[in-house]
Amino acid sequence: MPLRGEEFTGRTVEEAIERGLLELGRKRSDVDIEILERGKPANMLGMGGVDARVLLSFTEEERAQEPEPVVDEREVPRRPDAVRAAAERAADEAEDALPAFAEELALGLTVLTSLLEKMGVEADVTLDDRPGMEGLEVEGADLGALIGRGGENLVALQQLVSAIASKSVGRTVHVPVDIEGYRRRREDQLREIAHRVASRVKTTGQAVTLEPMLAYERRIVHLAVQEQPGIKTESVGIDPNRRVVISSTDPGARGPVGFRPSPPGGFRDGPRPIRPGGPGGFPGRRPYPPRPGGVRPPRPGGFGPAQ
Amino acid sequence: MSKESELLEHVARALVDDPSGVVVKEEQDGDFLKLHLQVAEADVGKVIGRGGRIAKAIRALLKVMATRDGTKVNLEID
């Protein structure tokens with residue numbers, strides 16, 4: 001079996017190894033690691049450091065035996081409509097999720113750091129491995145553009161980091177990324193909104209439609225109130241105008257009001273059906289309910305301007 | 001090669017099975033930068049992603065870079 005070796009460098013031995021594995025598309029267990037140079041960290045001014053160098057060697061044959069990563073859905077082109085109908089909710093709620101473990105976070109750190117470096121973004125990336133708080137945190141000046149409107153660029157960054165890390169370890173991993181605490185604040189806010197609206201829905205029975213949100217944001221809302229009895233949530237509309245509707249499961253509950261889904265091209269679902277006396281509702285519609293006090297007394301002076 | 005091309009190449013190589021099949025070409029037209037990405041046929045799905053997610057994410061990051069420099073960028077996957 002032909003043996004091949006390639007040399008990689010990084011600021012630390014670990015970084016050099018990760019970089020090599022990434023480049024080769026191999027797992028740590030598939031290669032033989034030889035440390036050529038331990039490297040020295042740079043001084044405060046970023047000068048005088050020595051890069052770590054490692055030699056990764058592997059047998060060429062292993063490539064063929066390497067188990068093909070489970071055919072990932074993302075490689076299979078599907079009709080957008082079919083995907084929508086079937087997998088929307090799942091996608092809302094599961095966003096490729098598999099919790100990131102310490103090793104994957106460390107890999108994500110390397111991936112994210114080099115991504116930001118290539119982008120020319122000056123920022124510090126730190127790793128949080130406290131249980132329940134796992135993720136990467138980016139801090140620096142002027143990161144507003146990197147967060148993007150409504151956090152869309154942050155989501156893109158996280159998707160790429162997760163995709164690259166997944167590729168590198170050979171299975172799907174999810175690496176949570178935050179920039180300047182944006183996501184944490186936004187998630188707290190979303191949960192707060194979800195709870196507040198849910199309790200209002202519960203008391204009034206009136207369903208409420210929230211503002212349009214990104215998939216991961218909708219997921220937070222669904223999860224925040226899924227435990228609450230008497231409350232259900234669903235997503236309606238088309239991205240980027242997809243919204244969560246929080247409604248009551250009470251039989252007499254009313255649907256959302258004040259929500260006009262207006263995708264270009266008009267209504268997608270057609271007009272809202274009139275319930276012909278739904279469960280618990282009144283039997284049919286009457287144009288004018290009888291006044292509790294009987295007939296309306298005539299207005300003095302009649303209608304029209306005062307005389 | 002522009003910073004944008006370098007990022008694109010870096011990301012694409014990290015996502016595909018065959019990094020040697022990754023080719024990035026760029027056309028600069030004033031403030032407008034057009035990038036063409038080629039990957040091995042079997043890897044096309046990997047750089048596009050389910051429902052175009054990955055391609056969309058790459059474009060988003062390229063746009064962040066371009067906006068900062070006051071230019072425009074366009075990515076085509078061939």
Side-chain angles (χ1 to χ4, degrees), chain A residues 18-19 21-26 63 66 68-69 71-80 82-84 87-88 91 95-96 110-111 114-121 142-149 151-168 170 172 215 239, chain B residues 1-24 26 28 33 35 37-78:
Chain A
E18 298 287 8
R19 189 170 286 180
L21 293 174
L22 208 60
E23 193 103 335
L24 298 170
R26 281 166 190 276
R63 183 108 227 176
E66 199 181 320
E68 267 303 300
V71 179
D72 211 332
E73 288 100 310
R74 67 199 146 147
E75 290 172 55
V76 186
R78 288 193 282 186
R79 285 190 308 125
V83 179
R84 274 251 128 67
E88 234 311 325
E95 225 195 43
D96 290 345
T110 316
V111 172
S114 62
L115 215 53
L116 292 175
E117 193 186 304
K118 292 270 178 205
M119 287 181 71
V121 172
D142 266 344
L143 295 181
L146 193 63
I147 294 172
R149 196 180 43 180
E152 58 185 8
N153 296 337
L154 165 58
V155 170
L157 191 62
Q158 169 175 296
Q159 276 176 352
L160 281 185
V161 171
S162 295
I164 294 173
S166 299
K167 166 71 186 160
S168 173
T172 308
D239 273 323
Chain B
M1 204 160 80
S2 66
K3 277 272 201 193
E4 284 86 349
S5 294
E6 280 176 35
L7 175 85
L8 177 60
E9 190 172 323
H10 173 78
V11 170
R13 290 172 71 98
L15 289 170
V16 299
D17 283 333
D18 176 14
S20 64
V22 173
V23 179
V24 173
E26 62 176 39
Q28 182 89 47
L33 179 68
L35 301 182
L37 172 65
Q38 273 177 30
V39 299
E41 200 161 332
D43 284 328
V44 173
K46 300 212 172 64
V47 293
I48 292 177
R50 188 188 337 162
R53 265 188 197 203
I54 300 294
K56 194 176 153 200
I58 296 174
R59 289 195 175 101
L61 297 195
L62 289 173
K63 196 172 165 202
V64 170
M65 298 174 73
T67 308
R68 190 184 44 204
D69 304 336
T71 59
K72 288 194 167 136
V73 67
N74 172 284
L75 165 63
E76 277 191 22
I77 298 171
D78 304 322

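Note on naming: letters A, B, ... go to the chains in the order of the sequence lines (proteins, then strands), and numbering restarts at 1 for each one. Just so you know, these numbers use all the heavy atoms, side chains as well, and skip hydrogens, waters and symmetry mates.
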K.L.:
Within this structure, what is the CD-CZ distance for the pair A:Gln159 and B:Arg50, rounded to the nearest 0.5 Å?
P.N.:
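The CD atom of A:Gln159 sits 10.0 Å away from the CZ atom of B:Arg50.
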K.L.:
Flag the pair B:Met65 / A:Val121 as yes when at least one side-chain heavy-atom distance between them is below 4.5 Å, and no otherwise.
P.N.:
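A side-chain contact under 4.5 Å is absent here.
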K.L.:
Which region of B:Leu62, side chain (C-beta onward) or backbone (N, CA, C, O), has a non-hydrogen atom less than 4.5 Å from a non-hydrogen atom of chain A, or is it both or neither?
P.N.:
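Interface part for B:Leu62: neither.
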K.L.:
Are the side chains of B:Leu7 and A:Leu115 in touch, meaning some heavy atoms are under 4.5 Å apart?
P.N.:
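Yes, close enough: below the 4.5 Å cut-off.
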K.L.:
With B:Glu76, which residues qualify under salt bridge (Lys or Arg N to Asp or Glu O under 4.0 Å), at least two apart?
P.N.:
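By the salt bridge (Lys or Arg N to Asp or Glu O under 4.0 Å) rule, B:Glu76 matches B:Lys34.
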K.L.:
Got a sec: does the CD of B:Gln28 have more than 12 other heavy atoms crowding it under 6.0 Å?
P.N.:
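Yes, because the 6.0 Å sphere around CD of B:Gln28 holds more than 12 heavy atoms from other groups.
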K.L.:
Just checking B:Asp78: does its CG atom have more than 12 heavy atoms from other residues, nucleotides or ligands closer to it than 6.0 angstrom?
P.N.:
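Yes, enclosed.
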K.L.:
Of all the heavy-atom pairs spanning B:Val64 and A:Ala145, show the shortest one and how long it is.
P.N.:
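Result for this residue pair: CG2-O, 3.8 Å.
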K.L.:
Per the salt bridge (Lys or Arg N to Asp or Glu O under 4.0 Å) rule, what does the pair list look like for residues 59-71 of chain B, sequence neighbours excluded?
P.N.:
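Passing the test, one end in residues 59-71 of chain B: no pairs.
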K.L.:
Which atom names give the shortest non-hydrogen contact between B:Glu6 and A:Lys118, and what distance separates them?
P.N.:
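Taking B:Glu6 first and A:Lys118 second, the nearest heavy atoms are O-CD, 4.2 Å.
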K.L.:
Using a 4.5 angstrom heavy-atom cutoff, name the option from B:Val16, B:Asp43, B:Ile58, B:Leu61 with the most pairs to chain A.
P.N.:
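Ranked by contacts with chain A, first place is B:Leu61.
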K.L.:
If you measure from OG on A:Ser162 to CZ on B:Arg53, what distance do you get to the nearest 0.5 Å?
P.N.:
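Rounded to the nearest 0.5 Å, the OG-CZ separation comes out at 10.0 Å.
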K.L.:
Relative to chain A, which segment of B:Val44 carries a heavy atom at a distance below 4.5 Å: side chain, backbone, both, or neither?
P.N.:
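Contact with chain A involves no heavy atom of B:Val44 at all.
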K.L.:
In Å, rounded to the nearest 0.5 Å, how long is the span from CD of A:Glu117 to NE2 of B:His10?
P.N.:
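Interatomic distance, A:Glu117 CD to B:His10 NE2, rounded to 0.5 Å: 8.5 Å.
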